[in-house]
Each structure stands twice: as C-alpha cells, then as structure tokens.
Amino acid sequence: MLSMKDYLRDIISNSLQQFDISEDEIPEIQIEKPNQPEHGDAASNIAMNLASVLKMNPRKIAEQIVEELEYDGRKLSGIEIAGPGFINFRYAENYLFNELQTILNQGETFGQSDSLEGQKINVEFVSANPTGPLTVGHGRNAVLGDTIANLLEWTGADVDREYYFNNAGRQMRVLGKSVRARYLQELSHDVELPEDGYEGEYIKDIAQTLVNEHGKKLADTEDITPFKEKAEQLIFEEIQATLKRMNIVMDRFFNEQEVYDDGSIDETVQKLRDKDLAYDKDGATWFRTTSFGKDQDTVLIKSSGEPTYRLPDIAYHANKLDRGYDQCIDVFGADHIDTYPDVLSGIEALGYDRNKVDVVVYQFVTIVKEGKPFKMSTRKANFVTLDDLMDEVGSDVTRFFFEMRDPNTHLEFDIAEAKEAGDKNPVFYLQYAHARIHSILRKVEQEYSFSSVPNLQLLTHESETKLMKSLIRFPEMIQSAAESREPHRLINYLNDLASHFTTFYHDCRILGQEEDLVQARSALSKATAQVLANGLGILGITAPEEM
RNA sequence: GCGCCCGUAGCUCAACUGGAUAGAGCAACUCCCUUCUAAGGAGUAGGUUACAGGUUCGAGUCCUGUCGGGCGUACCA
C-alpha cells in the first residue's frame with residue numbers, strides 16, 4: 001500500500017514537470033511532520049530547495065507547484081503555502097478513518113513492511129568472552145543489538161543473531177588458573193589466587209562444582225584445561241540464561257577457533273601477501289593499512305607467531321559474508337572505534353564489498369554508584385551484573401533503560417536511581433496506557449455486544465483526530481528507527497502516542513455514551529492498544545493487560 | 001601530541017539527519033479523584049543549545065578554532 005509520504009512525493013513530482021529542469025537537478029522531495037499543528041499534518045520544503053536551481057523566489061515556486069497539484073480529495077483536505085515557501089498538507093478525515101480501519105484489520109502485523117524483503121542480515125552483538133557474568137556495561141550492547149534485529153525483522157529482513165567469542169587467549173588462561181586456585185583452596189591446599197587472577201565469587205562456585213563432580217582427582221595435574229573448560233561451560237550457561245531473561249536468544253555462537261581450524265586464517269594472510277598488502281618485518285607479519293589511509297601499518301601476526309585479534313576478525317567477517325549475508329551489522333562500544341576500519345580494509349582487500357558491513361558504535365555507559373562514577377572491572381570483581389539489575393527492577397525496565405537513548409551519546413546509569421525507578425520509570429507510562437485500555441475494553445465487552453461494524457465517522461473530537469494521526473505514523477517510525485539503527489526513536493514515538501491516548505481518555509468518555517459512539521471509541525482504543533503492544537514487542541518489553 | 005565521540009532547562013535526555021515559536025521526564029510551585037486504573041491530568045517557573053567565528057533563504061544540527069568530558073592512539077582484546 002502506498003504510504004502518505006510516497007503519495008505526496010508522487011503528486012509533487014508530477015507537478016514539478018511543469019518546470020524546465022532535468023531529472024537530476026530536482027532535489028530529493030522531503031516530506032516531514034511540522035512541529036506546529038497549525039502548519040498542517042505534513043509539509044514539504046521542495047520550493048525552497050528548488051529556489052537556487054530555478055533562480056526564483058521560493059514562495060512563487062510553491063504557488064506554481066500548488067496550482068498544478070492534482071490530488072485525491074479523499075486523502076487531503078487542504079494545501080497551504082506558508083512561511084518562506086513551505087507547502088503544508090492537511091489530511092482528510094476519511095483518510096484517517098481508512099487508516100484506522102487498516103490498523104484494526106492488520107492487528108499484530110500492523111507496522112510491518114517488506115522494504116528489506118529477501119535480505120539476509122547478520123547482527124553480531126554481545127560477543128563478550130566467557131570470563132564472567134554479563135554486566136550492565138554489556139547490557140547496552142545486548143539490548144541494542146537485539147532491538148535492532150527486531151526492527152529489521154519488522155521491515156522484512158531475515159535476521160540472524162550471532163555471538164562471537166574467543167576462548168583461547170590470555171584472559172581465558174588466567175581464568176583457568178584462577179579456577180584451579182579456588183579448587184585447590186576448596187580442598188584446603190595452601191595456594192593463592194594468581195596475580196591478575198579473577199577475584200569474583202562466581203569463580204568459587206565453579207570450583208565447588210568441580211569438587212562435586214570430580215572430588216580430588218584434578219588436584220594432581222598442572223593442566224588447566226579442565227578448569228578452563230568447566231568455567232567456559234558454566235559461564236556460558238549463565239550468560240545465556242541472563243540473555244534469555246531479557247528476551248534475547250542467539251541463533252549462533254561463533255567460536256574464533258573455527259577460523260583457525262578451517263584454515264581461513266592462513267588463507268587470509270596468503271591472499272593479502274599476494275596483493276602485496278601484507279609483508280614481514282622485525283619477525284612479525286604486517287598489514288599495509290597505510291594504503292587504506294591510516295598513518296601506520298598494523299601487525300597481523302606477532303613475532304611470537306600468535307595473530308593479533310585483527311586477523312581472525314577479518315577472517316570472521318569474510319566467513320559471515322561467505323555464508324551469504326547481504327549485510328552484517330556489528331554492535332560494539334566506543335573502545336573499538338579505531339580498530340574496525342582495519343577490519344573493513346581487510347575484507348575489502350579480500351575482494352568483498354566493505355559496505356556490506358555496517359558498524360553500530362555506542363558510547364560507554366558510565367555507572368554512577370553512591371553519587372560517584374564507578375569503574376568496572378570483571379577481573380577485580382568490581383561490577384554490577386545484569387542479573388543483579390534485573391532482580392531489582394525487572395527485565396522490562398532494564399531493556400527500556402538501554403533503549404531510550406541515542407546509542408551515540410554517553411549514558412549515565414545511576415544504580416540507586418534505577419533501583420528506586422520503580423513507579424516513576426517511564427516504561428510504566430506505556431504499559432499503564434496499554435493496561436488501562438484493556439481494562440476499558442473488558443468493561444465494554446461486559447456491557448455491550450455490537451452487531452455491526454463500527455462507524456468511525458463519529459470520531460470527530462480533536463483528541464480523537466490527534467490520536468488517529470499519531471497512530472498512523474507507526475509504520476514510518478519503525479522504518480526510520482530500523483534504517484538509522486536507533487531504537488530510541490521508537491520509544492519517543494510510543495511516549496508521544498501514549499500521551500495522545502491519555503488526552504483522549506480524559507476528554508472523551510467511552511462508557512455511558514450512545515452505543516454507536518461507545519463502539520467507535522472502543523475501536524480507536526483497541527487500535528491504540530494494538531500499536532502500543534506491537535511497539536513494546538519490538539522493544540522486547542511486555543504489554544500487560546492489567547497492572 | 002594525534003584520531004573518533006559527546007557538550008541542549010537544576011538533573012537525565014529528545015528534537016524526524018539543514019526547516020517554521022528547541023521539547024519530554026524527574027526535581028520545585030499551584031490546582032484536579034462521588035465519573036472507564038491518580039502508575040494519571042491541567043497549569044506556573046526554568047534556555048544566548050559550552051564559547052567565538054563562518055557557510056545560506058534558514059544552523060542545536062554542516063565547517064574552522066577554543067574550552068570541558070569520554071574512548072582510543074600496543075607485536076592487549
């Protein structure tokens with residue numbers, strides 16, 4: 001179905017044919033919603049953008065465009081020229097009624113589109129190595145990635161959620177040694193936690209499990225493998241349980257080891273050498289990143305023979321593209337901001353289209369505890385886990401908190417505030433509106449039984465009109481949130497919608513009116529509940545029918 | 001030093017990617033529950049969008065510089 005935006009673009013475009021200019025001189029026709037309601041429901045700045053091309057007064061251009069504009073009176077009721085040359089459009093009432101009916105017909109699929117139909121997209125997120133529980137620091141990553149994946153699914157894409165990890169590095173060895181030390185302590189050996197060891201309580205739990213399963217049998221060996229493997233297994237179980245609590249289920253866990261085992265590491269280096277993009281110096285193998293605009297080359301393989309993270313990262317991205325994804329989205333924190341260009345350069349050098357990899361960088365979360373910034377460290381056991389947070393405020397508030405802000409801005413997370421957030425948290429505003437509607441609908445159902453379709457023409461109150469206008473924006477909001485990978489836009493929209501509903505709720509009583517009006521207003525309320533539920537669903541937040 | 005990101009009401013943040021009079025939530029103050037959930041609503045107050053220039057019909061948004069904060073700047077990930 002043609003959206004209003006597309007329709008307006010079409011009719012403007014037709015009118016522009018009167019001007020003697022070539023196709024590529026015409027700027028993009030932008031349609032937006034004006035801030036001031038007096039300026040109508042949609043506006044275009046096309047006349048101003050054409051002013052320099054046509055060398056004419058923008059208001060004059062606007063007049064000529066409007067004069068030649070042919071439009072459907074069932075969709076638009078008025079067109080005005082205002083300000084420096086804006087063309088303002090006003091929706092016809094019938095258009096709103098038709099759209100409202102569409103929402104009711106489409107129900108839980110309203111808002112879905114097929115703009116990315118046929119696209120296979122891989123979203124890689126969380127990707128924390130299994131050295132400890134997920135912290136609130138990982139929370140922003142997890143929630144952002146999952147919500148972006150949801151948004152893309154709503155625009156028609158076939159999305160896989162992937163978690164990339166490495167269980168072979170130095171971190172993991174230290175983890176294994178730490179578990180071994182705790183294990184021996186459990187058996188009353190006089191050993192100390194290694195320097196730089198992991199100090200968290202969860203290490204003791206893992207050690208205890210090993211004691212239960214193996215008794216003293218592991219005490220004699222210096223080999224840390226069984227300790228490392230048990231730790232990895234248990235920590236991953238916990239990570240997955242934590243994610244599950246937040247409604248996040250991964251499709252695949254990809255172990256970095258795979259790109260070693262299948263030979264693609266060696267293959268990658270060889271291909272780069274063939275193109276003279278890799279060379280040896282000082283016993284190490286270097287990647288010629290200077291030919292991609294960097295001011296230094298970077299090391300791919302250390303003189304110790306061990307690759308740096310960059311090399312498997314490149315091979316891993318090539319692996320994803322080989323699996324047939326049209327697009328790979330990486331979600332990661334600002335600390336990677338300087339390193340991902342090397343990965344993009346790497347895959348470009350291997351002959352892939354670097355535009356197929358899209359990186360979403362989010363700024364760090366600053367934890368504030370007892371009024372002071374709190375530096376987290378997994379190793380030092382200075383952290384607030386996501387589970388702790390969810391124990392305090394629940395999964396809905398946790399998700400909402402990470403979704404409500406622009407990813408590209410620093411986020412301050414005050415633990416105390418989040419805990420007491422309880423009833424003043426903005427997520428409740430949305431859920432409350434939803435629950436309130438269902439409460440009304442239950443009463444309507446008890447008292448009435450309608451035999452015919454609702455007469456939506458009765459919805460003429462200003463608050464009703466505004467609510468309908470808000471409702472019909474839902475599909476384009478999803479589109480824009482998905483394209484920009486910015487879930488917070490959806491939150492802003494839902495807040496606005498809930499606020500329009502509340503105004504309607506106060507202005508327009510439902511129960512106790514003429515039966516026709518009860519039915520029409522119930523229909524409007526039902527559509528509102530539906531959009532709220534669909535939106536909350538995308539955010540991974542529950543939409544309770546009672547609170 | 002260099003690179004990237006950020007700086008908007010007392011606090012936490014929006015502002016549809018360059019549009020018309022910069023908006024919400026907390027906090028403060030004044031009101032509104034015999035009526036569908038007051039986890040709500042109506043209102044008041046609060047701003048030179050860090051600062052200084054520039055680009056143009058038009059700048060919180062783009063460019064330059066300054067100041068302040070975060071993150072990088074490794075043969076760590």
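Chain identifiers are assigned alphabetically (A, B, ...) following the order of the sequence lines, protein sequences preceding nucleic acid strands; residue numbering begins at 1 within each chain.
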Could you please name the option among [options] that lies closest to any side-chain atom of [X]?
| X | options | answer |
| --- | --- | --- |
| T308(A) | G19(B), G40(B), A77(B) | A77(B) |
| R405(A) | U21(B), A77(B), U12(B) | U12(B) |
| N408(A) | U37(B), C5(B), G19(B) | C5(B) |

Contact class for [X] (heavy atom, under 4.0 Å): base, sugar-phosphate, or nothing?
| X | result |
| --- | --- |
| N45(A) | base |
| A51(A) | nothing |
| S303(A) | base |
| D406(A) | sugar-phosphate |
| R489(A) | base |
| Y505(A) | base |
| A433(A) | nothing |
| N35(A) | base |

- Identify whether NZ of Lys or CZ of Arg in R273(A) sits under 6.0 Å from the centre of the six-membered ring of Y279(A) and within 45° of that ring's axis.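 Checked: cation-pi criterion not met.
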- Message: Looking at Y505(A), I'd like to know if the NZ or CZ of R509(A) sits under 6.0 Å from its six-membered ring centre while staying within 45 degrees of the ring's axis.
- Response: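 Output no; distance or angle outside limits.
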- Message: Judged by each residue's nearest nucleotide on RNA chain B, which is more toward the 5′ side, N129(A) or A42(A)?
- Response: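 The residue whose closest nucleotide sits nearer the 5' end is A42(A).
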- Message: Can you work out whether K443(A) or D335(A) has the more 5'-proximal nearest nucleotide on RNA chain B?
- Response: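 It is K443(A) whose nearest nucleotide is closer to the 5' end.
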- Got a donor-acceptor pair under 3.5 Å from the side chain of S480(A) to the base of C16(B)?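 By the distance-only test, no, there is no pair.
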- Message: Taking atom types as they are modelled, would you say the side chain of N88(A) forms a donor-acceptor pair with the base of A20(B) within the 3.5 Å cutoff?
- Response: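 Such a pair exists between side chain and base.
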In the strands shown, is [N] matched to any nucleotide by a Watson-Crick or G-U wobble pair with both distances under 3.5 Å, and which?
| N | answer |
| --- | --- |
| C26(B) | G10(B) |
| U49(B) | none |
| A38(B) | none |
| G18(B) | none |

Do any side-chain nitrogens or oxygens of [X] fall under 4.0 Å of OP1 or OP2 in [N]?
| X | N | answer |
| --- | --- | --- |
| H506(A) | C36(B) | no |
| K302(A) | A74(B) | no |
| Y493(A) | A15(B) | no |

- Task: Say whether H336(A) and D330(A), considering side chains only, have a donor N or O and an acceptor N or O under 3.5 Å apart.
- Result: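 There is no such pair (donor and acceptor under 3.5 Å, judged by atom type) between the side chains of H336(A) and D330(A).
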- Message: So, applying side chain to side chain donor-acceptor pair (under 3.5 Å) with Y316(A), which one of E256(A), E258(A), E162(A) is it?
- Response: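 Option passing the side chain to side chain donor-acceptor pair (under 3.5 Å) with Y316(A): E162(A).
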- When the distance from CD of E546(A) to P of U37(B) is rounded to whole Å, what number comes out?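 Taking CD of E546(A) and P of U37(B), I get 11 Å after rounding.
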- How many angstroms lie between atom CG of N534(A) and atom CH2 of W154(A), to the nearest 0.5 angstrom?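 The CG atom of N534(A) sits 4.0 Å away from the CH2 atom of W154(A).
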